[in-house]
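Heads up: the structure comes next, in structure tokens.
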Amino acid sequence: TITTKLFYIRPMSPVPIHRGDLNGNGVSADVDDLDPMGRASTGDINSDSWFDLNDNGVQADAGDLVLIKPAAEGK
């Protein structure tokens with residue numbers, strides 16, 4: 001059986017990358033980071049330590065989704 005998996009490659013950025021900045025635009029947990037977090041949580045794309053917002057060692061889990069949504073809304 002052959003399966004494929006999408007890889008999300010963060011673009012190179014001249015600014016430091018912060019945890020939660022999943023699209024590499026220099027802003028941590030903004031609206032544009034919601035889609036990569038959601039896709040990583042379902043296994044559609046690979047994740048790395050930047051997806052572990054609650055620092056529990058599990059990348060893009062339910063706790064990380066709970067944290068990114070209000071942060072992206074500015075709460």
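Computed over heavy atoms, backbone and side chain alike; hydrogens, waters and symmetry mates excluded. In this chain, numbering begins with 1 at the start of the sequence shown.
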Could you pull out the closest heavy-atom pair between D52 and V58, with the gap in Å? OD1-O, 3.2 Å
Chi angles and distances behind the side chain to side chain donor-acceptor pair (under 3.5 Å) call for D32, N25: CA-CA 9 Å; D32 295 326; N25 69 351; 4.6 Å; no
Approximate separation, where rounding is to 0.5 Å, of L65 CG and L34 CG: 9.0 Å
So, N56 versus D61: side-chain donor-acceptor pair below 3.5 Å or not? yes
Can you tell me how far CG of D33 sits from CH2 of W50, rounded to the nearest 0.5 angstrom? 12.5 Å
Compare every heavy atom of P36 with every heavy atom of F51, then report the nearest pair and how far apart it is. CE2-O, 3.6 Å
Looking at A29 and I68, what are the two nearest heavy atoms and their distance? CB-CG1, 3.9 Å
Separation of I45 CD1 from L22 CG (nearest 0.5 Å): 7.5 Å
May I ask you to test the R19-D55 pair for a side-chain heavy-atom distance under 4.5 Å? yes
Value for CG (D35) from CG (N23), rounded to nearest 0.5 Å, stands at 10.0 Å
Check the pair M37 / L53 against side chain to side chain contact (heavy atoms under 4.5 Å, CB included), numbers first and verdict last. CA-CA 10 Å; M37 179 63 81; L53 302 182; 3.8 Å; yes
Could you check whether any side-chain N or O of D21 sits under 3.5 Å from a backbone N or O of G26, counting only pairs where one atom can act as donor and the other as acceptor? yes
